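Beneath this line is the structure, given in structure tokens, with notes to follow.
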Amino acid sequence: MAASAVLSVALWNSTENFRSQQTWEEDAQAYVAGRNFVRAGFWRTLFMDDYAAGRDLASHPKLYTHFPTSAALAHSFLQSCGLLNLHWIKACFIPFFLLGQFYFFLCLRKLFNEKIALFGLLANAVSYLGVLSYSDSSCHYLHWLVIFGALYHYLSIPAGLALSARARFHLVFGFSCFFVSGAVTLIHALFISICLISFYLSGVHRIRFKYFALIFGAPVLLFGLHSLRVMAAIGPEVWLYEQFINIKKSAGLIDPRVVMDYYTRNGIILYTSEFDAPLNRPQAFKLMAQGFLSKEGAMGMILLAFLPVVALFQFIFPRLSLRFDVPDFGKKIVILIAAALSWDIVFQNHAANYFGATPYLLLTSLVNLGWGLLFAGLLNLGSPSSRARQWVSRLALVLALAAMLRSKLDAYNQNLPQAIPGSLALQKYAGGTFYTNIFPSYVSCFTDEWAIGGLEPKSALERNYAGAKWFFEKDQWDRNKYTQPDYYFHVSEYRFAPYAEPAHKQILDASFPLVESGEGWYIYKMR
């Protein structure tokens, strides 16, 4: 825990505002949506995110309807308390992330034993990608808290008929974590649902059915409330069909152009279209495997494969227990694997295209559980009656620890935290309107005005914003304004923005005067 705290604060302080290896686009959107809540209240959008950044509310037409707001609400609360600096807002999420790490330990200890939990927590504490990189992310800081909090509190409810005050505490907090999980992402809710149902049906942990049903009332209640507000905003028929096409989109079974056309006509925000191109199942799984291998390396892949082998070994030789002395050891491993892969299998198109975020985070937890099992198993090799076995066990532990640290360090070195360019400069352009090749909310959260993003410089030269990849304002509001931006903000690193090739910058250099520049970013005056 102490290591996680120190490393989290160090990473937070390593860059100003946003850094690479985070879902920085979502954080920027959440900041803008939170600001809209503060200015216009929650009831105007029925608590749904509004990503338009223009100061005139007439330019705010669309709503994000896919899952309940959580990150934007956190931003709105902090902003309403007077905390407007993004860097310090992000620091406020670290304590909740650390509490989630504690829940990760408690859950592993409940499912397995203290040795496995301690070593699993150690592996989590030094994992940059998929763990520490999100410690100050407003969209993913709750990942471990809600998932492992829900599982831990469920596992802590006794199987008896009467509930003590302590058991009622676990019931309430299990319900709360499950409820909030759906407000973070539906992927979490699916993972928790499969785990709890499997725990109950397999006999790993079975409580009275009425309490089990009560806990499952959390996602049902959340989905019901969310559906009612969406229907009130866009109408029941639009809501129903939107559910249908969104499921097909996530599974890669519908042309994204059909989805875009329907969402545009009905005032619904689709985060982006380019990531939702249909993929067949082999393509999706190949992309996920490549993404996982690039983040976790060969050792991560070996440990992920190691888990089902350990479970199978336990099923074949139940009396041996692999010396872990854990009841239902194999069942628990299989349940966690199935739950972690469920979204990837059912919605493979969504999982492949967004693998750097939530789908990967679940697999990271499994890899670190694998490290915990490996260390605990090696520790158990030592026999009190045999000094030779004790020395072999210690040597194996040291080698395993070195392998883990090397694997984690390699992942860090290959994905060094880097600031997203230009955030400090953009703060000087408050009230300015922008075209940009980067994500528009990144610009708008600093300028407090509309920005049109993912726009090719050639289209900017023609004042043609129709080709923008990201545009959250109301097109019919005042089209003339959108053809007269004050500036063009160009980022020259392709991993942060499209249209970042030298040829695109040459168009800008030949067309507009350069106002100022820095490492990897340029601001041009357009009028």
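Only a predicted model underlies this, so the values are computations on that prediction, with no experimental measurement involved.
The aromatic ring centres of Y134 and H143 sit 6.0 Å or more apart.
In this structure a side-chain-to-backbone donor-acceptor pair under 3.5 Å is missing from D328 to K331. At distances below 3.5 Å, not a single donor-acceptor pair connects side-chain atoms of S8 with backbone N or O atoms of A5. For the pair R19 (side chain) and A419 (backbone), a donor-acceptor distance under 3.5 Å is absent. At least one donor-acceptor pair closer than 3.5 Å links the side chain of S294 to the backbone N or O of G291. When atom types are taken as modelled, the side chain of E296 and the backbone of T364 share no donor-acceptor pair closer than 3.5 angstrom. The main-chain N or O of H87 is found under 3.5 Å from a side-chain atom of W12 such that the two form a donor-acceptor pair. No donor-acceptor pair closer than 3.5 Å links the side chain of E26 to the backbone N or O of S137. Between the side chain of H140 and the main chain of S133, no donor-acceptor pair closer than 3.5 Å is present. Remark: side-chain polar atoms of Y360 are not paired, donor with acceptor, to backbone N or O of M288 under 3.5 angstrom. No donor-acceptor pair closer than 3.5 Å links the side chain of R206 to the backbone N or O of F199.
The aromatic rings of W24 and F496 stand perpendicular to each other, their planes meeting at an angle above 60°, with 30° marking the opposite boundary. Ring geometry for F42 against F37 counts as tilted: the plane angle lies between 30° and 60°, on a 0 to 90° scale. Aromatic ring orientation, F169 versus F173: tilted (interplanar angle from 30° to 60°).
The two residues F178 and I215 make their nearest non-hydrogen contact at CD1-O, 3.5 Å. Residues Q418 and T15 come closest through the heavy atom pair C-CG2, 3.8 Å. A376 and K115 get closest at one heavy-atom pair: CB-CB, 4.2 Å. Residues V184 and S70 come closest through the heavy atom pair CA-OG, 3.7 Å. The two residues L132 and S4 make their nearest non-hydrogen contact at CD2-O, 4.1 Å. Between Q29 and S441, the shortest heavy-atom distance links the atoms CG-OG, 3.5 Å.
Listed by chain and number, the residues in a side chain to side chain donor-acceptor pair (under 3.5 Å) with Q22 are K90, D136 (sequence neighbours excluded). Applying the side chain to side chain donor-acceptor pair (under 3.5 Å) test to K110 and every residue at least two apart in sequence or in another chain returns nothing. Shown here are the side chain to side chain donor-acceptor pair (under 3.5 Å) partners of R44, two or more places apart in sequence or in another chain: D50. In terms of the ring pair (Phe, Tyr, Trp, His ring centres under 6.0 Å) criterion, F285 has no residue partners (sequence neighbours excluded). Qualifying ring pair (Phe, Tyr, Trp, His ring centres under 6.0 Å) partners for F212, counting only residues two or more places apart in sequence or in other chains: Y200, F216. Residues that satisfy the ring pair (Phe, Tyr, Trp, His ring centres under 6.0 Å) test with Y241, not counting sequence neighbours, are F244, Y262. Listed by chain and residue number, D448 satisfy the salt bridge (charged side-chain N to carboxylate O under 4.0 Å, His left out) test with R39 (two or more places apart in sequence, or in another chain). Legend: residues meeting side-chain contact (heavy atoms from CB on, under 4.5 Å) with M231, ordered by chain and number and at least two apart, are S227, L228, P236, W239. A search for side chain to side chain donor-acceptor pair (under 3.5 Å) contacts involving N36 returns nothing, not counting sequence neighbours. With sequence neighbours left out, M404 forms a side-chain contact (heavy atoms from CB on, under 4.5 Å) with L122, A123, V126, W371, F375, L401, K408.
Residue pairs satisfying the side-chain hydrogen bond (donor to acceptor under 3.5 Å, both in side chains) criterion with at least one member in residues 214-224, sequence neighbours excluded, are absent.
The SG atom of C445 sits 9.0 Å away from atom NE2 of H75, with the distance rounded to the nearest 0.5 Å. With values rounded to the nearest 0.5 angstrom, F96 atom CZ is found 12.5 Å from S138 atom OG. Rounded to the nearest 0.5 angstrom, L201 CG and L196 CG are separated by 11.0 Å.
Considering only heavy atoms from C-beta on, F119 stays 4.5 Å or farther from N368 through its side chain.
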Inset, instruction - Show your working on ring-ring contact (aromatic ring centres under 6.0 Å, His included) between F97 and W144 and close with a plain yes or no. - result: CA-CA 7 Å; F97 165 79; W144 295 267; 5.3 Å; yes
Would you give me the side-chain donor-acceptor pairs under 3.5 Å for residues 100-109, sequence neighbours excluded?
unit_1	atom_1	unit_2	atom_2	d
Q101	OE1	N124	ND2	2.8
Y103	OH	H153	NE2	2.6

